[in-house]
Amino acid sequence: MEDDKSADQHVIAAAHHLVKALKDRTSLSDEVRRTLTDLDIHLAALTEAKKDETTSFREIEGRFKSAQGKIMSLQSNCLKIWDTGPSNQLLEYLQNVEEVRSIIVSLESMVPNKNRKQSRLTNQAHSVLQIAMVRLQEEVINILAQSKQCFGHAYVSFHSCEEIVVDEETMVSIEDDSVEGTSCLDSSRAESEECIIMDLVHPGVVPYVKSIADLMFASHYVQEFCQVFIRFWKDALYEYLGLFCMQQISIEDVLRMDWASLNCRIKKWRQATKNVIAFYLPSEKNLFDQILCEFGSVSSTCFIEVSKDAMMCLLNFGQAVAIGPLLPERLFCLLDMYELLRGLCQDVDALFCEKHGNSIQVEYHELMKKLGDSAKAIFLGLGNRIASNTSTTPFQGGGVHPLTKYVINYFMLLSEYYVTLRFLLEDREVENSGEVVDALVRLDISSEFPCPLALHLQSITSRLESNLEDRSNLYKDDSLKHIFLMNNIHYIVQKIKNSKLRTCFGDEWIKIHIVKYVQHEKSYERKTWNSIISLITGYEKSGKAVLKERCRNFSIAFEDVYKNQTGWTIPDIDLRADLNIAIGLRVVHAYRTFAGQVRKSLSEKHIKYTEEDLQEYLLDFFQGSAKSLNHHWRR
């Protein structure tokens with residue numbers, strides 16, 4: 001290459017001397033002389049150009065050797081540049097790599113010639129640049145790993161009601177005062193809160209990562225940068241999901257889970273979904289935009305590539321839950337999941353608005369619809385489930401039946417989802433308006449409240465009342481039948497009257513049902529006490545023998561009622577006290593009058609119980625613990 005360049009210079013020099021020699025001749029014409037002068041000027045310029053090119057190449061070669069030496073000196077060092085000291089060492093390294101890149105541009109912009117040294121230098125520069133790019137890939141991962149920030153505890157969990165597993169046993173045994181307000185709604189409603197942008201890495205390192213990205217992109221190593229950048233953040237996102245134990249799980253495994261395990265997993269899913277969509281991904285997108293915003297769609301493409309697998313992991317779990325069995329205990333979790341996704345809709349639409357993120361957006365909205373449809377199907381099927389819950393054995397003691405507690409406590413939890421349920425049911429109402437009208441006629445439900453939720457709650461309650469009526473017919477004792485119905489209807493009325501669902505039933509419904517349980521109370525009094533009171537009334541013209549017989553019969557009848565009805569139960573203290581007072585007013589008053597007449601005709605020994613005894617014994621009624629009075633004889 002050097003020999004070719006020297007030969008060219010010798011040829012130009014020889015030509016230049018020849019032109020000068022010819023110009024010295026006197027026999028040349030003016031035209032030839034002008035031509036030789038022009039040629040002389042051209043040859044002189046060509047000589048200068050060759051000198052400049054030689055000087056420029058030597059300058060580039062010197063710059064390259066300097067940059068190459070600094071770059072290669074770090075190759076044998078096992079430490080990363082970022083770890084060796086101040087950040088200015090990394091900047092110096094980047095400057096040297098940029099020098100090599102600009103040298104390549106300069107070499108490739110030169111006019112190609114037969115000089116092999118130019119080609120050799122260009123190849124060497126490319127080789128050094130490639131080595132530097134591999135090193136910069138490692139540096140990117142190292143910088144990000146060392147400066148990655150951990151989310152604070154506040155962004156890893158949030159308060160939830162799901163410490164309680166909602167199942168049949170819980171709904172029956174849960175304390176009355178603790179039912180309402182145990183929903184996760186307060187947490188779910190907060191899902192629509194404004195996204196919080198967090199620093200995924202220390203803000204101070206972002207300019208350095210951006211400088212590496214700029215240099216690698218300028219050097220046409222776009223794919224290499226994106227590859228390590230995506231891999232790092234994809235691993236980081238999976239690590240974050242690991243805090244919530246949200247590893248990949250198949251639909252089959254979800255469907256095989258017992259309810260307690262699934263309920264716990266759903267709680268973690270809700271935590272993960274909220275934190276990923278509301279906090280983590282917006283922060284990640286913000287970081288990507290800071291580093292890659294100058295490169296068109298590269299930022300959004302990298303973001304989608306990083307987040308799509310994690311999002312599909314969350315969405316696939318949700319799909320598995322949505323297609324699971326439509327059991328009543330699953331309704332609250334489905335509603336929680338639905339409300340969560342609905343609250344985060346705007347966030348998802350903003351995060352995945354680009355064309356290549358559309359599939360995630362579509363999957364997200366499809367899952368939300370499936371969750372809503374499944375929740376609606378469970379709610380609409382409650383009436384049929386209640387109707388099919390039958391028994392051939394009467395409920396012992398006539399207290400509040402577990403089915404009543406289950407349904408009404410279920411209602412209390414549902415009240416926390418009033419807005420969501422109303423939205424889901426009104427969506428159905430548009431499709432099936434005639435069906436609701438038919439239900440009104442069939443169930444004799446007031447049309448005062450056109451809200452489909454109110455209509456359906458009243459319909460379910462009507463099914464419950466019918467079920468209770470059937471169960472009451474299993475009692476052989478009519479008095480116990482009325483106690484049973486009084487207890488259950490009173491329980492229903494009191495819970496609804498003092499809850500958020502009162503507006504769904506209305507004052508008229510409450511008045512009607514108060515009348516119902518009062519009627520059963522009166523019916524009980526008639527069935528139990530009318531015949532007993534008749535033993536101690538209408539005795540005005542009776543002789544001593546009749547009075548003795550009446551005393552004996554009353555004592556036997558009262559003892560029999562006492563033995564039976566102390567074993568019955570009225571769980572509500574106020575209701576029990578009211579009934580005891582009502583009984584006392586009738587029985588003790590009648591007995592006081594009767595005992596006074598007996599004392600006028602017979603000795604005290606024929607009066608087995610005093611009025612005070614009766615008053616005291618009546619307090620033992622409906623306590624759920626059978627007692628006997630056979631040993632209580634007055635001396």
Side-chain angles (χ1 to χ4, degrees), residues 79-98 132-133 135-158 193-219 221-222 224-244 272 274-307 310-311 347 350-354 357:
L79 290 175
K80 299 292 184 290
I81 301 171
W82 186 258
D83 298 337
T84 57
S87 55
N88 56 7
Q89 190 161 357
L90 176 63
L91 294 177
E92 183 180 348
Y93 184 82
L94 293 176
Q95 289 169 358
N96 286 309
V97 177
E98 170 60 24
M133 292 297 112
R135 186 60 180 261
L136 288 178
Q137 284 180 287
E138 297 171 355
E139 290 295 330
V140 167
I141 294 176
N142 183 49
I143 293 171
L144 293 175
Q146 289 198 22
S147 60
K148 188 174 71 168
Q149 305 275 73
C150 293
F151 274 117
H153 180 74
Y155 303 104
V156 175
S157 62
F158 62 98
E193 65 189 49
E194 187 177 349
C195 290
I196 299 177
I197 302 299
M198 304 293 295
D199 291 321
L200 295 188
V201 294
H202 191 283
V205 308
V206 174
Y208 296 99
V209 178
K210 177 170 172 47
S211 295
I212 294 175
D214 292 346
L215 181 54
M216 293 187 72
F217 274 61
S219 304
Y221 280 78
V222 176
E224 287 76 4
F225 177 86
C226 292
Q227 183 180 0
V228 296
F229 196 68
I230 288 170
R231 185 174 71 240
F232 177 86
W233 287 114
K234 186 177 283 191
D235 291 344
L237 182 50
Y238 269 112
E239 180 183 338
Y240 185 66
L241 282 179
L243 296 175
F244 308 96
K274 175 183 177 180
N275 282 275
V276 166
I277 294 175
F279 306 127
Y280 194 95
L281 290 185
S283 302
E284 186 177 77
K285 187 174 177 64
N286 179 64
L287 176 64
F288 284 27
D289 287 342
Q290 288 182 61
I291 295 172
L292 302 171
C293 62
E294 297 176 9
F295 306 110
S297 62
V298 173
S299 176
S300 60
T301 301
C302 288
F303 172 74
I304 299 298
E305 193 63 30
V306 167
S307 58
M311 283 296 295
D347 301 319
L351 289 169
F352 302 103
C353 58
E354 303 291 339

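The closest side-chain heavy-atom distance from Glu138 to Val228 is not below 4.5 Å. Residues Val201 and Val209 form no side-chain contact, since every pair of their non-hydrogen atoms from C-beta on lies 4.5 Å or further apart. Considering only heavy atoms from C-beta on, Val298 comes within 4.5 Å of Phe217 through its side chain. Side-chain contact check for Glu139 versus Tyr93: every heavy-atom pair is 4.5 Å or farther apart. A 4.5 Å side-chain heavy-atom check between Leu281 and Phe303 finds at least one atom pair inside the cut-off. Looking at Val140 and Phe232, their side chains never come closer than 4.5 Å, going by heavy atoms from C-beta outward.
The shortest non-hydrogen separation linking Leu237 to Ala310 is CD2-CB, 3.4 Å. Taking every heavy atom of both residues into account, His202 and Gln149 meet most closely at N-CG, 3.7 Å. Contact detail for Ala350 and Lys285: the closest heavy-atom pair is O-CE, 4.3 Å. Heavy atoms only, all atoms of each residue included: Val206 and Leu287 are closest at CG2-CD1, 3.9 Å. The minimum heavy-atom distance linking Ala213 with Phe295 is given by the pair O-CZ, 4.4 Å.
The line from CG of Asp289 to CD of Glu284 is 11.0 Å long, rounded to the nearest 0.5 Å. A distance of 9.5 Å separates CZ in Phe279 from CG in Asp347, rounded to the nearest 0.5 Å. One distance of note links CG of Leu200 with CD of Gln290; it measures 9.5 Å at 0.5 Å rounding. Between atom CD1 of residue Ile277 and atom NZ of residue Lys274 there is a gap of 12.0 Å, rounded to the nearest 0.5 Å. Between Tyr221 atom OH and Ile212 atom CD1 the span is 15.5 Å, to the nearest 0.5 Å. Once rounded to the nearest 0.5 Å, the distance linking OG of Ser300 with CG of Leu351 reads 12.0 Å.
Listed by chain and number, the residues in a salt bridge (charged side-chain N to carboxylate O under 4.0 Å, His left out) with Lys148 are Glu239 (sequence neighbours excluded).
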Q: Evaluate the criterion side-chain contact (heavy atoms from CB on, under 4.5 Å) for residue pair Arg231 and Ile141; output intermediate values, then yes/no.
A: CA-CA 9 Å; Arg231 185 174 71 240; Ile141 294 176; 3.3 Å; yes
Q | side-chain hydrogen bond (donor to acceptor under 3.5 Å, both in side chains) between Asn142 and Gln146, intermediate numbers included | A | CA-CA 6 Å; Asn142 183 49; Gln146 289 198 22; 3.1 Å; yes
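Trp233 and Phe229 have perpendicular rings, their planes meeting at more than 60° on a 0 to 90° scale where under 30° would count as parallel.
With respect to Lys210 and Asp214, a salt bridge is recorded, a charged nitrogen being found less than 4.0 Å from a carboxylate O.
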